[in-house]
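Order of the sequence lines sets the chain letters (A, B, ...), proteins ahead of strands, with each chain counted from 1.
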Amino acid sequence: MEKLSAAQARRPEAIGQEAIVQGWIRTRRDSKTGFSFLELNDGSCFGNLQIIAPASLPNYETEVRRLTAGCSVRVEGLIKASPGKGQATEMEAQKIIILGWADPESYPLQKKQHSFEFLRTIAHLRGRTNTFGAIARVRNQLCRAIHDFFQQEGFLYIHTPIITASDCEGAGAMFQVTTLNLETPPRNEGGRVDYTQDFFGRPTYLTVSGQLEAETLACGLGKVYTFGPTFRAENSNTPRHLAEFWMVEPEMAFFELEDTMDLAERNLKYIFRHLLEKCPEDMEFFRQRIDPTVIDTLQQILESRFLRVSYTEAIDILLASGRSFEFPVSWGKDLQAEHERYLTEQHFQSPVILYNYPRTIKPFYMKLNDDGRTVRAMDVLVPKVGEIIGGSQREDRYDVLLERMKEQGLNIENYWWYLDLRRYGTVPHSGYGLGVERVLQFVTGMANIRDVIPFPRTPGNAEF
RNA sequence: UCCCCGAUAGCUCAGUUUGGUAGAGCAGGCGGCUGUUAACCGCCGGGUCCCAGGUUCGAGCCCUGGUCGGGGAGCCA
């Protein structure tokens with residue numbers, strides 16, 4: 001007998017087939033006229049497979065009638081058209097084997113809504129809920145869409161290192177990686193820790209971005225992207241930050257900033273279209289239970305062109321808005337969350353690409369404009385979530401880059417290889433970073449980033 | 001890291017204003033009813049009121065400190 005997933009068994013084509021399905025019970029409803037309804041979910045799709053368990057089953061009274069949420073079962077039976085509403089098919093069970101009981105007195109999940117705060121404390125079980133099942137499936141399709149998009153665009157998928165010796169990549173505090181004994185580290189004559197005895201013979205860290213390494217490969221292979229975990233040791237406690245998150249970083253030789261904005265727009269639209277096509281049930285769940293606007297918002301975005309607004313124009317818009325912001329607006333200061341929200345949610349009511357930021361608020365690697373005051377940076381801002389893409393054209397002139405590195409106090413010796421890219425056959429090139437969890441938040445409407453990754457890492461929290 | 005808010009049954013919460021040692025719904029058990037579908041109806045069991053001090057005849061409630069969680073801010077994706 002063939003094993004079917006719940007997704008397969010729910011399709012009308014399966015009617016008439018004898019099959020085995022396996023999964024976890026969501027709920028049981030007894031009918032006194034000689035059978036029970038079981039809702040079985042195996043994660044293969046949002047919906048449950050309805051099992052009809054007749055009282056004639058030998059273990060009906062002893063076992064089937066004791067099934068509660070969370071129990072795991074194997075069911076053999078016949079898939080039939082369902083006379084009830086709510087599902088096309090159902091399985092009439094011929095045999096039900098209980099694989100594992102779930103004591104209802106202690107099993108934490110019930111057939112009701114739980115708070116996301118509570119579910120976070122049982123992250124090992126929350127994948128069995130509607131919401132986290134839907135997120136896992138959307139996350140999967142999101143990653144697939146990312147790969148499909150870049151492959152179709154002719155990019156090479158490359159792997160950049162997780163462990164890096166760059167002491168600063170312009171993106172915040174880092175986690176140190178060491179095999180030294182922290183209780184009694186070796187010391188040199190000056191009394192400082194002797195890192196020549198560490199595993200790599202020098203201080204090393206978890207990467208905060210694969211960008212610099214991606215640049216080296218782009219300057220030889222053309223269009224590349226890296227996609228992996230990224231680590232930030234910032235003490236950030238917000239619904240939009242994780243200490244460990246996933247990021248896609250395309251890097252393109254011979255791309256100017258305008259090419260990059262176009263790519264970012266195609267990239268996001270490709271993802272949104274893919275998710276609407278591949279996850280209609282899950283997206284409908286998010287629309288009904290999480291945020292009623294998610295589907296409409298994505299569809300509107302697909303039909304419109306992203307606006308491109310320079311930082312200077314954005315400042316003018318904010319100043320002319322007549323709004324009183326908590327943080328005053330002035331040219332040269334970075335935009336605050338409230339400013340970005342005003343632009344995306346009030347003024348434009350759509351995603352916006354801001355570009356040409358003041359040099360003083362951006363990292364060393366961004367290309368200086370001819371005005372000497374701004375750099376070729378671009379951020380894609382979306383309503384509610386804020387920045388989901390940050391990118392730039394990279395500085396490709398050796399002298400200018402060296403000057404900016406000194407300006408920002410970098411240890412030049414660690415970046416000799418990065419400077420070499422400008423010393424030998426330098427080319428204009430650009431890239432950006434796309435935060436996977438931020439995109440997931442945007443498309444699902446989930447308010448807290450800790451609920452779009454299975455095992456969130458945040459300050460003080462590394463359970464599971 | 002800063003500023004607010006919160007922690008009461010397995011879960012979601014009320015009770016805090018005005019101190020007098022706890023309630024509802026859901027979940028669970030039992031019974032009823034029904035091709036049901038977050039099923040429905042009745043009964044029952046279930047609490048270290050986050051922790052440690054303090055005030056008081058008496059603290060879930062007031063005070064102090066801590067722990068954990070949430071929201072906002074900064075940093076950023």
(message) Once pairs are restricted to Watson-Crick or G-U wobble with both distances under 3.5 Å, how does RNA chain B read as a dot-bracket string, [ ] for crossings and | for other-strand pairs?
(response) (((((((..((((......[..)))).(((((.......))))).....(((((..]....))))))))))))....
(message) Is there a ring pair (Phe, Tyr, Trp, His ring centres under 6.0 Å) between A:Tyr418 and A:Tyr365? Walk through the geometry before answering.
(response) CA-CA 10 Å; A:Tyr418 189 69; A:Tyr365 51 73; 7.4 Å; no
Confirm from the modelled atom types if [X] and [N] form a donor-acceptor pair under 3.5 Å, side chain to base only.
| X | N | result |
| --- | --- | --- |
| A:His114 | B:rC11 | no |
| A:Gln110 | B:rG10 | yes |
| A:Asn237 | B:rU1 | yes |
| A:Glu90 | B:rG35 | yes |
| A:Arg438 | B:rC76 | yes |
| A:Ser236 | B:rC75 | yes |

(request) Using heavy atoms to find the nearest nucleotide of RNA chain B for A:Ala447 and A:Ser82 separately, return the residue whose nucleotide is more 5′. (result) A:Ser82
(request) Nearest-nucleotide wise, let me know which of A:Met247 and A:Ser106 is further upstream toward the 5' end of RNA chain B. (result)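 Of the two residues, A:Ser106 wins.
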Salt bridge flag under 4.0 Å for residues [X] and [Y]:
| X | Y | answer |
| --- | --- | --- |
| A:Arg139 | A:Asp282 | no |
| A:Glu338 | A:Arg341 | no |
| A:Arg308 | A:Glu265 | yes |
| A:Glu281 | A:Arg137 | no |
| A:Arg359 | A:Glu407 | yes |
| A:Glu117 | A:Arg450 | no |

What is the distance, to the nearest angstrom, from the [atom1] atom on [X] to the [atom2] atom on [N]?
| X | N | atom1 | atom2 | value |
| --- | --- | --- | --- | --- |
| A:Gln211 | B:rC76 | CD | P | 14 Å |
| A:Phe118 | B:rC26 | CZ | C1' | 13 Å |
| A:Arg28 | B:rA27 | CZ | C1' | 13 Å |
| A:Leu49 | B:rU36 | CG | C1' | 15 Å |
| A:Tyr357 | B:rC76 | OH | C1' | 12 Å |
| A:Glu463 | B:rC68 | CD | C1' | 13 Å |
| A:Tyr432 | B:rA77 | OH | P | 14 Å |
| A:Lys85 | B:rU36 | NZ | C1' | 12 Å |

Candidate nucleotides [options], ranked by approach to the side chain of [X] - the nearest:
| X | options | value |
| --- | --- | --- |
| A:Asn235 | B:rG70, B:rG35, B:rU1 | B:rU1 |
| A:Phe327 | B:rU1, B:rU12, B:rA73 | B:rA73 |
| A:Gln50 | B:rG35, B:rG71, B:rA39 | B:rG35 |
| A:Leu242 | B:rA77, B:rA73, B:rU36 | B:rA77 |
| A:Gln336 | B:rU34, B:rC75, B:rG70 | B:rC75 |
| A:Thr238 | B:rG29, B:rA73, B:rU36 | B:rA73 |

Give [X] one of three labels, base, sugar-phosphate or nothing, depending on what nucleic acid heavy atoms sit under 4.0 Å from its own.
| X | result |
| --- | --- |
| A:Pro83 | base |
| A:Ala69 | nothing |
| A:Ser115 | sugar-phosphate |
| A:Gln87 | base |
| A:Arg120 | sugar-phosphate |
| A:Ile52 | base |
| A:Glu39 | base |

Taking atom [atom1] in both [N] and [M], what distance in whole Å separates the two?
| N | M | atom1 | answer |
| --- | --- | --- | --- |
| B:rG65 | B:rG74 | C1' | 27 Å |
| B:rG46 | B:rC5 | C1' | 30 Å |
| B:rC50 | B:rG70 | C1' | 15 Å |

(request) Give a yes/no answer on whether the side chain of A:Arg66 brings an N or O atom under 4.0 Å of OP1 or OP2 in B:rG29. (result)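 The answer is no; no side-chain N or O of A:Arg66 sits under 4.0 Å from OP1 or OP2.
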(request) Determine: side-chain N/O of A:Arg29 to OP1/OP2 of B:rA39, distance under 4.0 Å, yes or no. (result)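 The answer is yes; a side-chain N or O of A:Arg29 sits under 4.0 Å from OP1 or OP2.
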(message) Is the ring pair A:Phe35/A:Phe37 parallel, tilted or perpendicular, if the boundaries are 30 and 60 degrees?
(response) perpendicular
(request) Could I get the full list of side chain to side chain contact (heavy atoms under 4.5 Å, CB included) partners for A:Asp334, not counting sequence neighbours? (result)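 Partners of A:Asp334 under the side chain to side chain contact (heavy atoms under 4.5 Å, CB included) test: A:Tyr357, A:Ile361.
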(message) Is A:Phe35 stacked against the base of B:rG35, taking the criterion as centroid distance under 5.5 angstrom and interplanar angle under 30°?
(response)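 A stacking contact does not exist, since A:Phe35 is not both close and nearly parallel to the base ring of B:rG35.
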(message) Counting C-beta onward and ignoring hydrogens, is there a side-chain heavy-atom pair between A:Val73 and A:Leu67 closer than 4.5 Å?
(response) yes
